There are 4 protein chains.
Amino acid sequence: MPMTDAPPPQRRRDSERTRGDILQAALEEFSSMGHSGARVDRIAARAGVSKPMIYDYFGSKDDIYAAALREAYVQIRRGEAQLALDPNNPRAAVRELVHFTMDHFRRKPWFIRLLNSENLMGGKTVAQLSDAADIQSVLVTRLSEVLAQGKRHGVFRRDVDPVECLTSAPMEHFRHLAERRVSGSS
Amino acid sequence: MPMTDAPPPQRRRDSERTRGDILQAALEEFSSMGHSGARVDRIAARAGVSKPMIYDYFGSKDDIYAAALREAYVQIRRGEAQLALDPNNPRAAVRELVHFTMDHFRRKPWFIRLLNSENLMGGKTVAQLSDAADIQSVLVTRLSEVLAQGKRHGVFRRDVDPVECLTSAPMEHFRHLAERRVSGSS
Amino acid sequence: MPMTDAPPPQRRRDSERTRGDILQAALEEFSSMGHSGARVDRIAARAGVSKPMIYDYFGSKDDIYAAALREAYVQIRRGEAQLALDPNNPRAAVRELVHFTMDHFRRKPWFIRLLNSENLMGGKTVAQLSDAADIQSVLVTRLSEVLAQGKRHGVFRRDVDPVECLTSAPMEHFRHLAERRVSGSS
Amino acid sequence: MPMTDAPPPQRRRDSERTRGDILQAALEEFSSMGHSGARVDRIAARAGVSKPMIYDYFGSKDDIYAAALREAYVQIRRGEAQLALDPNNPRAAVRELVHFTMDHFRRKPWFIRLLNSENLMGGKTVAQLSDAADIQSVLVTRLSEVLAQGKRHGVFRRDVDPVECLTSAPMEHFRHLAERRVSGSS
DNA sequence: GATGAATGAGGGTTCATTCAT
DNA sequence: GATGAATGAACCCTCATTCAT
């Protein structure tokens, strides 16, 4: 009579991994359901842990939301940091950055949905993450370099504040592009 | 003694107006809070009616949501219908349509937020509105006309399904524009 | 086939009475179980209402607790107010007051248990009831009168602050009496 | 090389001390927060041990509560046992006992609060401690001696059951004293 | 012996929805 | 037609308790 009955669920003892699993599950749940539509039970189920663990690792639903948002930004910034931007060709560098961002949107649709969900809850903005500045600094630094080079090369007409680029709503940005595109092609 | 067919119209007027008030309140609540963030109490308070009235006029929270979505589309379509599109200049006609849409987005920010909130509730899509087809038909018709003319004039290279234009995510649309814009300007 | 099935629970529509029922139930539950031992479910069950009603009438568990405490004081003060105290015999008046209080303790044992339960939750004291002063003022007034008369008649040796009488812990009071009694009788 | 019978005693010492620490922490927690207000986490933190240790040394929250209650009684009884009561002066002996008890209350306020907390949990009474009788027997014995002597000396009018003295609520006891005091002084 | 990690069972609170006037 | 009063079903969160190292 061999031991054929599967071992009991064998609760994970790896706290690092558990934390990651919860975060991933939260990312999925929040981006697909929004902040108020998300259910802590579902996050727990997706992560394969019990509900109280979520409160052990993160403090509350809002805290997991913040952590998920933070994680999303960390992921995209990490990708940007690994980009090889040619400092001598600022135009191409900007193009590269935009392309990477767009590609990230397409490859991880939950990202843009998660960002959108921010608008739907009063007051909770990514800017309120305690270390938001640190996280965004990666992009700011790279953008600054590129813009500085561009100015030096005479490619861009005037000083552009990289932080302003970040804070201007993407919609506005796209709107401009769209309008110019249409009028430009007539 | 003029206008003596009195009471009924007045009643109906009030009834109609109450319905409108509720709808407007729902529009505001849903677009600012999202589907699950919205509270029926708040809609009632905003509309200045009691909660049961809401269930009298609409059947359930989801029904009000659908009605609000419908109303939003009706409003934008009504605007489009009043647009004077030159059938002999399809390029300009498309430009006009896009401009109107963009302007609508800017003037009524709740519209785009309401549309976004759709993605955040599983399954509930505008397509599920019972008369979605009818509502959208205004735009479809106009777009069809324009595209047909354009094809005839040789402006557009190939058949374009107007419905496909509507269902493709706006983001995708913008992405194309953005990518072309960048590469086109290098 | 006569109508023998009892009418449905016939939900109470009398908000005044419902409020009173909840308060009474809370009084019982809190005094028998203490603040943290009390269960909102049980209060609701005792009062014969559903749980949400408790949150409609009072705002939270802590608020019902405060209301119950308040009610307890109101009840004992009401009794004191109806006491006929002879202003010309301060000694007898004090005796009367003490007797009434003791009797109240004996007739409504929950009262003293409810008061005791205060000590078991940090910070929550009767003094924190917003209108504590108003409620206690009945006793303060009566006590002041009696003490003033007593002083005038030369019965009490010196000014006694009635408020101090109230704030001094009953235990301390009893301890003094007990010690004097024992030593006095030796 | 003195004192080489080393490890075991030391171990036992530590074990004993850990147990004592937990008990002391429990005493503080239970008397300040009541039975249901007490948190096992806090007891562990106060005692400087991990939570599972508590379940190793005691079996459950209720068991710690019982142990704390027991410890409280053991402490007061130990004090009483060391009292030098003059068997030939029963009146003074009783006075001494009462004085000691009152002093104990004053010096260790948590004692009376812990006792009070009993009333606030249904069913859990000191009487349910398995060895309650043994613990209380110290006082019973001493009281019996004193009362017996008193009767022999003709100081007390009739048989008094010492156990009844213990079970009658302290409040009742104080009430008698208070009433007599007031009426006696008129 | 000691502990970090994990959980079942329940507690307080909210919310969409209905009843009865 | 209109509403104050009421509720079932969750939802977020906590807590005593145990497992596995």
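Residue numbering restarts at 1 for every chain, and letters A, B, ... go by the order of the sequence lines. All values derive from a computational prediction rather than experimental measurement.
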To the nearest Å, give me how far apart [atom1] ([X]) and [atom2] ([N]) are.
| X | N | atom1 | atom2 | answer |
| --- | --- | --- | --- | --- |
| Ile64(C) | dT13(E) | CD1 | C1' | 11 Å |
| Arg19(C) | dG4(F) | CZ | P | 18 Å |
| Asp14(A) | dA20(F) | CG | P | 16 Å |
| Ile22(C) | dA6(F) | CD1 | C1' | 11 Å |
| Ile43(D) | dC15(F) | CD1 | P | 13 Å |
| Met33(D) | dC15(F) | CE | C1' | 14 Å |
| Met53(C) | dT7(F) | CE | C1' | 9 Å |
| Phe58(D) | dT18(F) | CZ | C1' | 19 Å |

Can you identify which nucleotide, out of dG12(E), dA6(F), dA6(E), has its nearest atom closest to the Asp56(C) side chain? dA6(F)
Which nucleotide in the list dA5(E), dA16(E), dT13(E) gets nearest to the side chain of Tyr55(C)? dT13(E)
Would you confirm whether Lys61(B), through its side chain, and Ala38(B), through its main-chain N or O, come within 3.5 Å as a donor-acceptor pair?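 Side chain of Lys61(B) to backbone of Ala38(B): a pair is present.
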Tabulate protein N/O versus nucleotide N/O from nucleotides 8-11 of chain E, keeping only pairs under 3.5 Å, one per line.
residue, atom, partner, partner atom, Å
dG11(E), OP1, Arg39(C), NE, 3.4

Test side-chain contact (heavy atoms from CB on, under 4.5 Å) applied to Glu71(B) - qualifying residues, sequence neighbours left out: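 side-chain contact (heavy atoms from CB on, under 4.5 Å) check on Glu71(B) returns Leu23(B), Leu27(B), Gln75(B), Arg78(B).
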For Ser15(A), all residues meeting side-chain contact (heavy atoms from CB on, under 4.5 Å), sequence neighbours excluded: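 If we apply the side-chain contact (heavy atoms from CB on, under 4.5 Å) test to Ser15(A), skipping adjacent residues, the hits are Tyr57(A).
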According to salt bridge (Lys or Arg N to Asp or Glu O under 4.0 Å), who are the partners of Asp63(A), at least two apart in sequence or on a separate chain? none
Across all chains, not counting sequence neighbours, the salt bridge (Lys or Arg N to Asp or Glu O under 4.0 Å) partners of Asp41(B) are Lys51(B)
Going by side chain to side chain donor-acceptor pair (under 3.5 Å), name the residues that satisfy it together with Arg42(C), two or more places apart in sequence or in a different chain. Glu29(C)
Heavy-atom check, side chain of Leu114(A) versus side chain of Tyr65(A), under 4.5 Å: yes
Is Leu69(B) close to Phe30(B) at the side-chain level, that is, under 4.5 Å between some pair of heavy atoms?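 Of all side-chain heavy-atom pairs linking Leu69(B) with Phe30(B), none is under 4.5 Å.
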Comparing Ser60(B) and Ser15(A) on DNA chain E - which has the more 5′ nearest nucleotide: Ser15(A)
Whether Tyr57(B) contacts dA2(F) is assessed here as follows: a side-chain N or O lying under 4.0 Å from the phosphate OP1 or OP2. Is that the case?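 Yes.
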What salt bridge (Lys or Arg N to Asp or Glu O under 4.0 Å) pairs are there with at least one residue in residues 19-28 of chain B, not counting sequence neighbours?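 Of all non-adjacent pairs touching residues 19-28 of chain B, those that pass salt bridge (Lys or Arg N to Asp or Glu O under 4.0 Å) are Glu28(B)-Arg46(B).
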DNA chain E base-pair string [pairs: Watson-Crick or G-U under 3.5 Å; |: paired with another strand]: .||||||||||||||||||||
